Q: 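Sharing a structure, written as structure tokens. Questions coming.
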Amino acid sequence: MKVNFWLLDVNQEVVDGLPEIRIWGLNENGKRILLIDKNFKPYFYVLPKKEEDVNILAEKIKSELPDVVNVLVEEKKYFGKLVKAIKVILKTLEKIEYNVKNLTKNPLVKEILHDDLRYSSLYLIEQELKPCGWHKVEAEKTSLNQPIKVDEVYLVKGKPEAYEKLDLPPLKLLAFSAIYHTKIGSPNPDRDPILVISTVNNNGETKVFEAKNSNDKGLIEEFVGYIQSFDPDVIVGYNSNRVDWSYLLQRSKKNGVKLSVDRIGEEPHTSVYGHVSVVGRLNIDLLDLAEDFPEVKVKTLENFASFLGIKEEPPTKILETEIHRYWEDKEKRSLLVKFCEYRAMLTKKVSDFMLNFVFQLANLIGIPADFVCAAAVGFRVDWYLIRKALAFGELVPKRVEQSFYPYKGGMVLEPKPGLHEDIAVLDFSAMYPNLMVKYNLSPDTYLKPEEKIEEFYVAPEVNHRFRKEPPGFYKQVLLELMEARKNIQKQMAKLKSENQIYRILDARQRSIKVITNATYGYCGWRGARWFVSEVAEATAAWGRKTIMEAISLAKKHGLEVIYGDTDSVFVKYDEKKIERFLEDVRGSIGLEIRPEVVYRRILFTEAKKRYAGLLPDGRIDVVGLEVARGDWCEAAKQVQEKVLEMVLREVKPEKAVEYVKNYTEKLRSGVSELEPFIIWKTITKPVRDYQVKAPHVEAAKKLIRAGWNLTVGDKVGYVIVKGEGKLYEKAVPYLMAKPEQLDTNYYVENQIIPAALRILEMFGVKKEQLGSLKSKDLTRFFG
DNA sequence: GCAAATATCCTACCG
DNA sequence: ACCGGTAGGATATTTGCG
């Protein structure tokens, strides 16, 4: 019989020593199904050192190595070159490692490939199965003797076939949030129980599980029981991969409870990319997705939700340090529970915004959704290319850390400082991808210096050569991506934006854009499987040539160029001239350049990559300046923003001077809250590895000493307090400081005034006018 | 011997 | 654990000065 299904998750099992693939899905009737495929055999490729040895080697492998089912000599491509490869098909997964080790020592063997690709991922790719997409397959009903949480189990008989259908099946989703007990520092699962877990499902039903007398055994059992009875397809949390699942596992172990939350009655386990796998369900950590939004500086659930436009205030604001007091106070405990419910509800709402994109990204990349969320951009591109490579008959290179030389990147023009009126920003659309297509820049088209052929492109400055024909791997992939995106946009144009299909299409085109734009960065990444530095270097070189040509054309058309960065030119707005210029660029450069925005007024300092402009709708765009940064305190950023408003909207710098002066005077008299003065910085390496004593590192050490878990990548929020000595001696985690301790002088002199002066010094303003007490002349007298 | 000048470290931004 | 180009704060080290 034909079975249709939407692919949720996939995993591999070994039954009686033989590997099998398990596909978890939903069918068109909304039933949960499991498909078991026993037909796919593990394999790897062997490349001989000398092509003439291929048959001897193949024979040898077949006769001498254990577990080999079959050996095929195939014509493949490797970095575009035709090669003879031996496909070694095995009966089990067990002997792969042994055989690979054995062959590595064989003098006839040059390289072994595909043994580093997971069996279940290879299956998805080889069978052309796409996660979060619809397929049909010939299968027959079967049953398993282990208890499995699905409506039907099938044995796969044929090759699955994808079909186009955009609608999602009726997925059951469960969002959860947990609160842990602790008196000092971070909660420790060895010591501190789980106090509350709250869940919200996609029907809006809320559940709360509470510890009884600080014993969380019952809580865990009830939580597990609820997951089993609600039986979600998707579980979402926030920071669940790193924190909640491991905490739950450790508390379960301590309580002698089995955390069987998956569909086969087993416990969650950590998988690749730090992702926690729950068999048969998608376990999605929304924090992984927050990493894709650089606008969100401190990645709390609340900040992420607020960025997405979810305006929900917490019932009570509870700091981490206050949790145990709320719990121990019988009257306040309900507030803590409400707070947990609020976080679960926020998690659910964030998932409503994100899931379409997640599903479309998984569908495009071709690996399960929970997997794709946890993978960094480089690995997403990697998996996309692996799938394309197999379709093109290309062998997949291994991921090896390559030696690496820095190379020249994009070109940035010196801005013309000051205020300018009516400035148009014109930029090349998808410059790097288009250059890669235009000049066929790809790992397989790169010509080494000794290679002699007739038709090639030569990159400017760096002189790398690339064959014109045939179209390279990157070119084919990029053309396909760009074409697909155009088609989707055409379909979208026919629909209304509130239509569900429109939203899915939008998510799909966004996921395509992400991969397209990451391809250049990927090709220059030394960890990339298809890393050839010359490709990245040539792309950047062509980029520089292109923008320089655009600049000289702009000048030829009488346009005054104010600034430019990589793929953009900022020119004085003149409709007629710009029109002729754009036309000329299309004709003589052959790439499309588009008007992006016309700023009514724009301010440049002498610095590159930093400016602020007044948009036609009255809003202000701030680029690169302190307002756009996460490592300046909120107060300084707000002052700078106010200053920019007065300068750009009203052109009244003197008004801004008054404002800043009043502000600093008031600030010097003390503050009542710390929040606007917290400075957030990331800990980028283990604290003992730092070569200098930096304020944020000293603050981090204080937190660690107080029992907080701080790991690389975490942000530390600190304030500067009054006292003697170096700045780093006065940096204190904000949780450990009181408003009256704040070193207001530091904030005036080193935060507010520099941020304001950055703008106002363009108008000849001196820091003394803003209330600074520090000046070179004065220190000479008094110092 | 000290302060100014310069170098280095560090983070976060732009495209 | 995607690239290079860039700014700017703070600390560390060197230089200049009889």
Side-chain angles (χ1 to χ4, degrees), chain A residues 272-274 291-292 294-295 297-298 374-382 384-385 399 401 404-415 425 427-432 514-531 533 535-537 539-541 543-544 547 563-570 596 605-611 621-633 636 679-685 689-698 712-713 715-716 720 725-731 746 749-751 754-755 757-758 776 779-780 783:
Chain A
V272 275
Y273 309 133
E291 306 291 349
D292 296 344
E295 300 93 331
K297 309 291 177 189
V298 183
V377 178
F379 294 107
R380 292 177 187 170
V381 177
D382 233 18
Y384 182 75
L385 292 178
R399 203 177 86 82
E401 197 78 357
F404 167 82
Y405 316 92
Y407 67 92
K408 259 176 97 178
M411 194 176 69
V412 190
L413 297 192
E414 211 63 65
V425 181
D427 53 34
F428 284 96
S429 32
M431 187 204 243
Y432 284 160
V514 167
I515 297 304
T516 310
N517 290 344
T519 307
Y520 159 72
Y522 172 87
C523 80
W525 173 41
R526 71 185 97 168
R529 288 175 187 269
W530 282 274
F531 169 74
S533 62
V535 176
E537 208 176 341
T539 307
R544 293 191 296 276
I547 197 70
Y563 177 64
D565 184 350
T566 312
D567 62 353
S568 64
V569 276
F570 291 51
E596 176 74 27
T605 66
E606 269 137 26
K608 296 170 172 179
K609 297 189 182 277
R610 313 185 115 216
Y611 55 87
D621 235 2
V622 185
V623 179
L625 294 163
E626 283 71 8
V627 169
R629 298 182 63 98
D631 58 350
W632 284 73
C633 74
I679 299 164
W680 292 93
K681 276 200 168 85
T682 310
I683 295 296
T684 60
K685 51 188 160 193
D689 290 359
Y690 280 87
Q691 299 183 35
V692 292
K693 294 205 168 202
H696 72 295
V697 182
E698 294 308 301
V712 172
K715 275 206 156 69
V716 177
I720 300 299
K726 294 279 194 186
L727 191 64
Y728 61 77
E729 296 172 278
K730 306 197 292 172
Y746 168 82
E749 302 286 353
N750 297 52
Q751 288 274 321
L757 204 59
R758 190 94 52 225
K776 282 186 180 173
T779 43
R780 223 166 259 166

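The structure presented is a predicted model; accordingly, all values stated were derived computationally and were not measured. Letters A, B, ... are given to chains in the order of the sequence lines, protein chains preceding strands, and every chain is numbered from 1.
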Q: On DNA chain C, compare the nucleotides closest to G524(A) and N750(A); which residue's is nearer the 5' end?
A: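 Result of the comparison: G524(A).
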Q: Please walk me through it: do D565(A) and K608(A) pass salt bridge (Lys or Arg N to Asp or Glu O under 4.0 Å)?
A: CA-CA 8 Å; D565(A) 184 350; K608(A) 296 170 172 179; over 6 Å; no
Q: Using whole Å, what does the distance between atom P of nucleotide dG9(C) and atom CD of Q751(A) come to?
A: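 Going from Q751(A) (CD) to dG9(C) (P), I get 10 Å.
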Q: For the rings on Y522(A) and F531(A), is their centre-to-centre separation under 6.0 Å?
A: no
Q: Any base atoms under 4.0 Å from G378(A), or only sugar-phosphate, or nothing? Heavy atoms, all strands.
A: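 Sugar-phosphate, backbone atoms only, no base.
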Q: Nearest-Å distance, CD1 (I720(A)) to C1' (dA10(C))?
A: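 Result: 11 Å.
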Q: List the residues meeting side-chain hydrogen bond (donor to acceptor under 3.5 Å, both in side chains) with Y520(A), not counting sequence neighbours, and say none if there are none.
A: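 In terms of side-chain hydrogen bond (donor to acceptor under 3.5 Å, both in side chains), with neighbours along the sequence ignored, Y520(A) is linked to Y407(A).
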Q: So A536(A), base contact, sugar-phosphate only, or nothing? Heavy-atom distance under 4.0 Å.
A: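 It contacts nothing in the nucleic acid.
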Q: What's Y384(A) touching, base or sugar-phosphate or nothing? Going by heavy atoms closer than 4.0 Å.
A: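 Nothing: the residue Y384(A), judged by heavy atoms under 4.0 Å, touches no strand.
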Q: Measure from CE on M411(A) to C1' on dT6(C) and round the result to the nearest Å.
A: 15 Å
Q: Which whole-number value in Å describes the distance from F531(A) CZ to dC3(C) P?
A: 9 Å
Q: CG of L757(A) versus C1' of dG8(C): gap in Å, rounded?
A: 14 Å
Q: Please tell me whether W525(A) and F404(A) form a close aromatic pair, meaning their ring centres lie under 6.0 Å apart.
A: no
Q: Starting at atom NZ of K408(A), determine the distance to atom C1' of dC3(C), rounded to an integer number of angstrom.
A: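 It works out to 15 Å between those atoms.
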Q: Between dG9(C) atom P and L727(A) atom CG, what is the distance in whole Å?
A: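 Spelled out: CG on L727(A) to P on dG9(C) is 13 Å.
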Q: What integer number of Å spans the P atoms of dA1(C) and dC10(B)?
A: 16 Å
Q: Going 5' to 3' along nucleotides 9-15 of chain B, which nucleotides have protein heavy atoms under 4.0 Å from the base (write B), which only from the sugar-phosphate (write S), and which from neither (write -)?
A: SSBBSBS
Q: Over all strands shown, is G521(A) touching base, sugar-phosphate only, or nothing at heavy-atom distances under 4.0 angstrom?
A: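 Base contact.
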Q: Just by distance, with hydrogens left out, do Y690(A) and T684(A) show a side-chain donor and acceptor under 3.5 Å apart?
A: yes
Q: Side-chain N or O of R758(A) versus OP1/OP2 of dA7(C): is the shortest distance under 4.0 Å?
A: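 Negative; the distance criterion is not met.
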Q: Atom OH of Y407(A) and atom P of dG4(C): how far apart are they, to the nearest Å?
A: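 After rounding, the gap between these two atoms is 5 Å.
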Q: Under the 3.5 angstrom rule, does the side chain of R629(A) hit a backbone N or O of G624(A) as a donor-acceptor pair?
A: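 Looks like no, no N/O pair under 3.5 Å.
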Q: With a 4.5 Å limit on heavy-atom distance, are the side chains of K297(A) and D631(A) in contact?
A: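 Not touching, per the 4.5 Å side-chain cut-off.
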Q: At 4.0 Å (heavy atoms only), tell me whether Y273(A) reaches a base, stays on the sugar-phosphate, or touches nothing.
A: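 Y273(A): no heavy atom of the nucleic acid under 4.0 Å.
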